[in-house]
Amino acid sequence: MNFIGIDYGEKRIGLSVGDDELCIAVPLKPIVHVNRCDVFSVLLNLVIERKIDLVLVGYPINMDNSVGFKAKEVDAFIAKLEKIIDVPVERIDERLTTVQADGVLGPVANRKSMKSRIKSRRSGAIDSMAAAIILQDYLDSLGRKAYDVD
């Protein structure tokens with residue numbers, strides 16, 4: 001099966017892909033500063049081109065397990081997405097994935113400068129890394145690791 005991971009944001013949408021054979025999530029170029037109609041067109045094309053079987057969307061659950069405003073925003077995004085694609089969509093707990101992504105990309109940016117760290121954030125690189133973490137968590141939950149040998 002082929003999967004796409006999505007870290008939804010109002011300004012940037014992080015993307016990643018992976019499959020259940022290799023069990024490795026890979027960040028893709030994020031969707032940045034595109035109007036909402038184009039976002040769904042890009043996602044539909046990605047689902048078709050990559051032969052995606054399941055879409056996993058990061059779901060922002062609060063630390064106290066409550067569902068807040070951001071989760072409702074994601075629900076609306078998923079509702080629209082489900083109308084245009086013929087692939088199941090699942091919500092995946094995304095708590096702290098952006099913090100983890102910043103931890104992965106941050107040290108590289110810190111060595112350069114604060115300016116490059118801000119650029120990394122604005123470019124959506126952190127969002128796509130967060131999408132890869134969301135997807136990797138799901139792939140890991142399948143019980144097969146990339147290093148398993150049949």
N/O donor-acceptor pair under 3.5 Å between E90 side chain and L56 backbone: no

Counterpart residues, side chain to side chain donor-acceptor pair (under 3.5 Å), relative to N45 (two or more places apart): none

D127 side chain reached by I13 side chain, heavy atoms, under 4.5 Å: no

Reported CD1-to-CG distance for the pair I24 and D140, which is rounded to 0.5 angstrom: 10.0 Å

Q136 side chain to C23 backbone, donor-acceptor under 3.5 Å: yes

Under 3.5 Å: donor-acceptor pair, side chain of D20, backbone of M1: yes

Spacing of OG belonging to S16 relative to CG belonging to L135, to within rounding of 0.5 Å: 4.0 Å

Partners meeting ring-ring contact (aromatic ring centres under 6.0 Å, His included) with Y138 (sequence neighbours left out): F3

Heavy-atom pair of closest approach, residues G58 and P60: O-CD, 3.7 Å

Candidate list L43, I6, D38, test side-chain contact (heavy atoms from CB on, under 4.5 Å), partner I31, passing option: L43

Interatomic spacing from CD1 in I4 to CD1 in I134 - rounded to 0.5 Å: 11.5 Å

Worked verdict on R91 versus D75 for salt bridge (charged side-chain N to carboxylate O under 4.0 Å, His left out): CA-CA 9 Å; R91 290 161 178 79; D75 286 332; 2.9 Å; yes

Flag side-chain contact, heavy atom, 4.5 Å: E94 against D7: yes

Distance, nearest 0.5 Å, that separates CG of D86 from CD1 of I52: 14.0 Å

Flag side-chain contact, heavy atom, 4.5 Å: V67 against Y59: yes

Flag side-chain contact, heavy atom, 4.5 Å: L15 against P30: no

Side chain N2, main chain K51, donor-acceptor under 3.5 Å: yes

For I48, all residues meeting side chain to side chain contact (heavy atoms under 4.5 Å, CB included), sequence neighbours excluded: L44

Exercise: identify the closest heavy-atom pair between L139 and D19: CD2-O, 3.6 Å

Evaluation steps, side-chain contact (heavy atoms from CB on, under 4.5 Å), between F40 and K83: CA-CA 10 Å; F40 293 105; K83 288 179 182 176; over 6 Å; no

Check against side-chain contact (heavy atoms from CB on, under 4.5 Å), N35 and V39: CA-CA 6 Å; N35 75 50; V39 164; over 6 Å; no

Rounded distance [0.5 Å steps], CG in D137 versus CG in D93: 9.0 Å

Shortest non-hydrogen separation from P88 to D53 and the atoms involved: CD-O, 3.3 Å

Check: P27 main-chain N/O paired with S128 side-chain donor or acceptor under 3.5 Å: no

Nearest-0.5 Å distance that lies between atom CG in L46 and atom OG in S41: 11.0 Å

